[in-house]
Protein chains: 2
Amino acid sequence: MGDHDRQETMQEIVAAMSSKGWRITDQRRSLAALFAEAKGYLSPKDVYEHMRLKYPGVSFDTVYRNLRLLSEMGVLEQFYFNEGLKFRARCQSHHHHHLICMKCEKTVSFEFCPMKQIPNLPEQFDIVSHRFEIFGYCSDCSPNLKETSKNA
Amino acid sequence: MGDHDRQETMQEIVAAMSSKGWRITDQRRSLAALFAEAKGYLSPKDVYEHMRLKYPGVSFDTVYRNLRLLSEMGVLEQFYFNEGLKFRARCQSHHHHHLICMKCEKTVSFEFCPMKQIPNLPEQFDIVSHRFEIFGYCSDCSPNLKETSKNA
DNA sequence: TTAGATGCAAAACTTTTGCATTGGT
DNA sequence: ACCAATGCAAAAGTTTTGCATCTAA
């Protein structure tokens with residue numbers, strides 16, 4: 001993802017907040033920038049620490065409030081790792097799924113969606129949503145891929 | 001799942017604990033029975049409340065310790081709902097995925113696995129695991145399915 | 001008998017709430 | 001100027017830890 005895309009995402013997030021009638025504070029702009037640039041998932045503590053660099057007085061509850069609001073808006077998506085809840089900017093463009101690196105938590109999108117392939121389900125069920133993620137190690141983090149295929 | 005199957009699962013859980021050299025205490029037997037019978041997911045608090053019926057003196061940290069140990073053993077699987085972390089007995093028989101009812105949290109297995117269908121991924125990735133769940137409402141909980149197809 | 005499991009109490013950590021102040025619109 | 005957002009402090013909730021006691025093997 002290049003800088004241009006990130007900038008778009010940052011402005012998309014700000015625009016989304018603004019369109020809901022929310023005020024664009026420095027902290028929220030900073031939040032938007034942070035998630036637009038992040039390649040992986042961020043914990044509330046990560047976010048707090050990042051924010052504190054620019055805004056030393058930022059409070060923990062403001063971080064939580066904004067994370068919750070942005071999640072409810074659909075701008076952020078939540079994911080529970082073993083270490084706890086983390087957040088990342090939700091892809092707004094189109095439906096797809098992710099490879100998630102278990103070490104650096106970088107995510108890579110792919111287009112294949114199992115719901116298009118799924119055959120008859122075992123019983124009546126009113127389907128609302130689904131999730132499909134693949135976990136493993138990206139080429140930077142995998143000892144198997146490191147030497148051999150990374151530069152192939 | 002009939003009573004016979006549940007009993008098998010209960011004994012499987014006890015056997016798994018025993019085979020790891022763990023002692024089979026009354027509390028652990030009770031835990032095993034609880035998860036063997038549960039149709040859906042249980043929060044630590046659910047487990048604590050259930051256990052307290054039989055063992056009024058049971059402590060919260062014992063519940064947490066055993067939930068963690070059983071998860072690490074692979075007997076239980078964890079899942080984060082909006083309300084927080086919950087547990088259920090992991091299906092040991094064979095690989096499959098689940099429909100999860102968003103109201104009663106009942107789960108229904110199905111055999112289709114997207115990993116058998118997936119085409120070439122966008123980049124080198126050392127795959128370790130995956131998750132695929134479908135969320136919605138079961139026939140008992142869905143207003144759409146309630147009248148029409150439930151008894152079909 | 002004895003190492004492991006439990007209960008208790010307290011600590012650590014995470015997330016939420018109430019309220020006065022600040023700051024975007 | 002107005003009202004939403006923030007910072008602060010404290011509360012509420014969740015999970016972990018240390019240690020003496022108990023108990024399954």
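The sequence lines fix the lettering, A, B, ..., with proteins before strands; numbering per chain opens at 1.
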Is the distance from OP1 or OP2 of C:dT6 to the nearest side-chain N or O of B:Thr25 less than 4.0 Å? yes
Between A:Gln27 and C:dG23, is there a contact of a side-chain N or O with OP1 or OP2 at under 4.0 Å? no
Closest nucleotide of DNA chain D for B:Glu83 versus for B:Asp26: which of these residues is on the 5' side? B:Glu83
A:Trp22 CH2 - D:dA4 P separation (whole Å): 13 Å
Protein-nucleotide distance (B:Leu69, atom CG; C:dA5, atom P), rounded to Å: 7 Å
Please classify the nucleic acid contact of A:Arg65 as base, sugar-phosphate, or nothing, using heavy-atom distances under 4.0 Å. base
Whole-Å distance between C:dT6 P and B:Leu67 CG? 11 Å
Heavy atoms only: give me the nearest A:Phe110-A:Leu99 pair and the separation to one decimal. CE2-N, 3.7 Å
Measure from CE on B:Met17 to P on D:dA25 and round the result to the nearest Å. 11 Å
How are the rings of B:Phe79 and B:Phe135 set to each other: parallel, tilted or perpendicular (split at 30° and 60°)? tilted
Near DNA chain C, which residues from residues 47-63 of chain A have a heavy atom under 4.0 Å away? A:Phe60, A:Asp61
Among C:dT14, D:dT15, C:dA5, which nucleotide sits nearest the side chain of A:Lys45? C:dT14
Looking only at the side chains, is there a donor atom on one of B:Arg65 and B:Thr62 sitting less than 3.5 Å from an acceptor on the other? yes
Axial cation check for B:Phe81 ring with B:Lys86, 6.0 Å and 45° limits: yes
Taking the side chain as C-beta and beyond, is there a heavy-atom pair between B:Ile118 and A:Ile134 under 4.5 Å? yes
Qualifying residues under ring-ring contact (aromatic ring centres under 6.0 Å, His included), relative to B:His94, sequence neighbours excluded: B:His96
Nearest-Å distance for atom pair CZ/P, residues B:Arg28 and D:dC22: 19 Å
Take the protein atom CG of A:Leu42 and the nucleotide atom C1' of C:dT14, then report the distance between them rounded to whole Å. 17 Å
Please give, in whole Å, the distance from C:dT14 P to A:Asp46 CG? 11 Å
Hey, could you give me the CE/OG distance between B:Met10 and B:Ser30, rounded to the nearest 0.5 Å? 8.0 Å
DNA chain D: B:Ile24 or B:Pro44, which has the more 5' nearest nucleotide? B:Pro44
Take atom CG of A:Asn66 and atom P of C:dT16, then tell me their distance rounded to the nearest Å. 13 Å
Given D:dT16, D:dC2, C:dT6, which nucleotide is nearest the side-chain atoms of B:Arg68? D:dT16
